[in-house]
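Following: one structure in structure tokens, then a few remarks.
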Amino acid sequence: MTESTRAVLLVGNFLSESMVYGSVGEDLSRRLTARGWSVVMTSGKMNRALRLIDMVRTVLSRRRDYAVAHVDVFSGVAFLWAEAACRALRLVRKPYALTLRGGDLPNFAARQPKRVRQLLASAEVVTSPSGYLRERMRPYREDIRLLTNPLETGCYPRTVRKSPAPRLVWLRAFHEIYNPSLVPAVMAELSDIDDIHTIMVGPDKGDGSLQRARRRAEELGVAQRIAFPGPVPKKDVPQWLNRGDIFINTASIDNTPTSVLEAMACGLCVVSTNVGGIPYLLEDERDALLVPPGDAPALAAAVRRVLREPGLAERLSTQGRRKVEEFDWSHLLPQWEELFLELARRGGQVTKHKHTV
């Protein structure tokens, strides 16, 4: 391959490495650059309208700077961004791959099947970071490839939790789909444990979830047991995770959350709601404890088990770290490179798959 073919455009949300979200694409960009690729990214605009404009403008104005493209596909308003970017890519005759993102994408596809089927059929390759999304999205395209979200496991100091302390960590964006208000309810169920404490780390997505979680903590009398430090730099995530021994995931919609992988890499014991892609990622009783969504007593009971059941914490901690090592960049970066080289070998002429639309 020539140098000109080792040039890729990444289209997605590159909002800031300083937050706990949006890091996979930025990390991929850095690693591809280190391997000699030329990488163009779009977009880092916070305003949604400006982000859409920036994506399309970058596709068109920088068409000589890349040979192939990759587009993240989310549900909701963000689906429009992917549609617009892909229309522009077809206009400039650049081959592209799509990656399906977000646990709510199957629900969106059920409401907008024609749009989803058309977009997926337009791409040379479609990938999914989870078996869950690959299975649920097969009605819209059958040949979806599994390409999981990677992690640099060496950046996450691991401690096996043999005798865990009652210190919990929650790490997500404050948004209703992650159900942060469930944490105060869990803490109220565990209020008989004198020194129990939870850290809730993450940015405020602006839908009122953070305020509702704070208010719920006050109402239940557990506000003094919950800390809200806000967003933290990505590089500091391991040290924040290691302030606790139990990671609690309260999501009502989920896919393959990077925060859960990071917690497993650090050796935390994971207690999670059993939703979306979670059962495709975690095995109940082996590397995590899974409970029904929205069930504070069940989450609290699982936390009690981790604290009191002999050998359970050590098993979850050990098996979790062992599993997450399969997601290391050393295994997955070559797969990303081969994907882009495959697109480049097609010579820049986009040939649509013969899917029924």
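Throughout, numbering of the chain's residues begins at 1 and tracks the sequence.
Counting non-hydrogen atoms of other residues, nucleotides and ligands closer than 6.0 Å to CZ of Arg286 gives a total of 12 or fewer. Counting heavy-atom neighbours within 6.0 Å of Arg243 CZ, excluding the residue itself, gives a total above 12. Other residues, nucleotides and ligands place more than 12 heavy atoms under 6.0 Å from the NZ atom of Lys323. Around CD of Gln224, the count of heavy atoms belonging to other residues, nucleotides or ligands within 6.0 Å does not exceed 12.
Looking at Thr250 and Asn179, their side chains never bring a donor and an acceptor atom within 3.5 Å of each other. Of the N and O atoms on the side chains of Tyr280 and Arg134, not one donor lies less than 3.5 Å from an acceptor on the other residue.
The minimum heavy-atom distance between Leu98 and Cys86, with the atom names listed, is CD2-SG, 3.6 Å. Ala69 and Leu89 get closest at one heavy-atom pair: CB-CD2, 3.7 Å. Nearest heavy-atom pair, Pro184 versus Ser181, reported as atom, atom and distance to 0.1 Å: CD-O, 3.1 Å. Among all heavy-atom pairs drawn from Ala302 and Val291, the shortest one is CB-CG1, 4.1 Å.
Side-chain N or O atoms of Ser61 include one that pairs as donor or acceptor with a backbone N or O of Arg57 at under 3.5 Å. Although no hydrogens or angles enter the test, the distance criterion places a donor-acceptor pair under 3.5 Å between the side chain of Asp328 and the main chain of Thr153. Judged by distance alone, with hydrogens and angles left aside, the side-chain atoms of His70 form no donor-acceptor pair with the main-chain N or O of Ala97 at under 3.5 Å. Judged purely by atom type and a 3.5 angstrom limit, Arg115 has no side-chain atom pairing as donor or acceptor with the backbone of Pro113. Distance alone, capped at 3.5 Å, is enough to place a donor-acceptor pair between the Ser252 side chain and the Ile177 backbone. A donor-acceptor pair under 3.5 Å is formed between the side chain of Ser317 and the backbone N or O of Gly267. Side-chain atoms of Thr318 do not come within 3.5 Å of backbone N or O of Arg315 as any donor-acceptor pair.
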**Request:** Kindly indicate, with the supporting measurements, whether the criterion side-chain contact (heavy atoms from CB on, under 4.5 Å) is fulfilled by Trp336 and Trp329.
**Result:** CA-CA 10 Å; Trp336 280 104; Trp329 271 108; 4.2 Å; yes

**Test log, rule side-chain contact (heavy atoms from CB on, under 4.5 Å), inputs Leu147 and Leu339** = CA-CA 10 Å; Leu147 190 54; Leu339 170 64; 4.2 Å; yes

**Prompt:** Which is it for Phe14 and Ser43 under the side-chain contact (heavy atoms from CB on, under 4.5 Å) test, yes or no, and what are the steps along the way?
**Reply:** CA-CA 6 Å; Phe14 303 103; Ser43 171; 5.9 Å; no

**Request:** I would like to know whether Asn13 and Asp72 meet side chain to side chain donor-acceptor pair (under 3.5 Å); could you show each step before the answer?
**Result:** CA-CA 8 Å; Asn13 295 326; Asp72 283 331; over 6 Å; no

**Item:** salt bridge (Lys or Arg N to Asp or Glu O under 4.0 Å) evaluation trace for Arg51 with Asp54
**Value:** CA-CA 5 Å; Arg51 198 180 315 168; Asp54 187 50; over 6 Å; no

**Asked** Checking salt bridge (Lys or Arg N to Asp or Glu O under 4.0 Å) for the pair Arg215/Glu218: CA distance, chi angles, key distance, verdict?
**Response** CA-CA 5 Å; Arg215 187 163 58 248; Glu218 292 285 351; over 6 Å; no

**Asked** Taking it one step at a time, do Arg30 and Glu152 satisfy salt bridge (Lys or Arg N to Asp or Glu O under 4.0 Å)?
**Response** CA-CA 12 Å; Arg30 287 194 299 272; Glu152 183 62 63; over 6 Å; no

**Request:** Could you check Val125 against Thr127 for side-chain contact (heavy atoms from CB on, under 4.5 Å), going step by step and ending with a plain yes or no?
**Result:** CA-CA 7 Å; Val125 177; Thr127 77; 4.0 Å; yes

**Request:** Check the pair Glu337 / Arg6 against salt bridge (Lys or Arg N to Asp or Glu O under 4.0 Å), numbers first and verdict last.
**Result:** CA-CA 9 Å; Glu337 290 189 278; Arg6 293 176 63 86; 3.6 Å; yes

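Leu333 has its side chain out of reach of Pro150: every pair of non-hydrogen atoms, C-beta onward, lies at least 4.5 Å apart. The closest side-chain heavy-atom distance from Glu176 to Arg212 is below 4.5 Å. A heavy-atom distance below 4.5 Å is not found between the side chains of Glu262 and Pro238. Using a 4.5 Å heavy-atom cutoff, the side chains of Val270 and Asp287 are not in contact. Looking at Val40 and Thr58, their side chains come closer than 4.5 Å, going by heavy atoms from C-beta outward. The shortest distance between side-chain heavy atoms of Leu32 and Arg35 does not fall below 4.5 Å. Considering only heavy atoms from C-beta on, Ile193 comes within 4.5 Å of Arg304 through its side chain. By the 4.5 Å heavy-atom criterion applied to side chains, Tyr156 and Cys266 are counted as neighbours.
Remark: Arg117 fails to qualify as a cation-pi partner of Tyr140 under the 6.0 Å distance and 45° angle criteria applied to the six-membered ring.
Linking Ile, Leu, Val, Met, Phe, Trp and Tyr residues whenever their side-chain heavy atoms come within less than 4.5 Å leaves Tyr178 and Leu171 in two separate clusters. Both Leu343 and Trp37 are members of a single hydrophobic cluster when ILVMFWY side chains are connected at heavy-atom separations under 4.5 Å. Under the 4.5 Å side-chain contact rule for hydrophobic residues, Leu60 and Trp81 share a cluster. Residue Leu133 is not grouped with residue Phe74 when hydrophobic side chains (ILVMFWY) are merged at heavy-atom distances under 4.5 angstrom, including chains of intermediate members. Leu182 and Val201 fall into different hydrophobic clusters, where Ile, Leu, Val, Met, Phe, Trp and Tyr residues are linked whenever their side-chain heavy atoms come under 4.5 Å apart, directly or through other members.
Checked against the 6.0 Å centroid criterion, the rings of Phe79 and Phe108 qualify as a close aromatic pair.
Ionic pairing of Arg305 and Glu309 is present here: one or more N-O contacts between side-chain nitrogen and carboxylate oxygen are shorter than 4.0 angstrom. Here Glu26 does not pair with Arg31 in a salt bridge; the nearest charged N to carboxylate O distance is not below 4.0 Å. Arg225 has no carboxylate O lying under 4.0 Å from a charged side-chain N of Asp194, or vice versa, which leaves the two without a salt bridge. We find that Arg63 and Asp65 are not joined by a salt bridge, their nearest charged nitrogen and carboxylate oxygen being 4.0 Å or further apart. Ion pair Asp245/Arg167 not flagged as a salt bridge, since none of the NZ, NE, NH1 or NH2 atoms sits closer than 4.0 Å to an Asp/Glu carboxylate oxygen. We find that Arg345 and Glu342 are not joined by a salt bridge, their nearest charged nitrogen and carboxylate oxygen being 4.0 Å or further apart.
Between Trp170 and Phe174, the ring planes are tilted. Angles from 30° to 60° get that label.
A distance of 6.0 Å separates CD1 of Ile199 from CH2 of Trp240, quoted to the nearest 0.5 Å. The structure places SG of Cys269 at 10.5 Å from CG of Leu168, a figure rounded to the nearest 0.5 Å. If you take CE on Met55 and CG on Leu9, they are separated by 10.0 Å, rounding to the nearest 0.5 Å. Of the inter-residue distances, the one linking Thr273 atom OG1 with Leu299 atom CG reads 7.0 Å to the nearest 0.5 angstrom. Atom CE of Met187 and atom CD1 of Ile196 lie 4.5 Å apart (nearest 0.5 Å). In this structure, CZ on Arg111 lies 6.0 Å from CG on Asp104, to the nearest 0.5 angstrom.
Evaluated for a side-chain contact (heavy atoms from CB on, under 4.5 Å) with Leu289, the options Asp284, Val303, Ile246 yield exactly one hit, Asp284.
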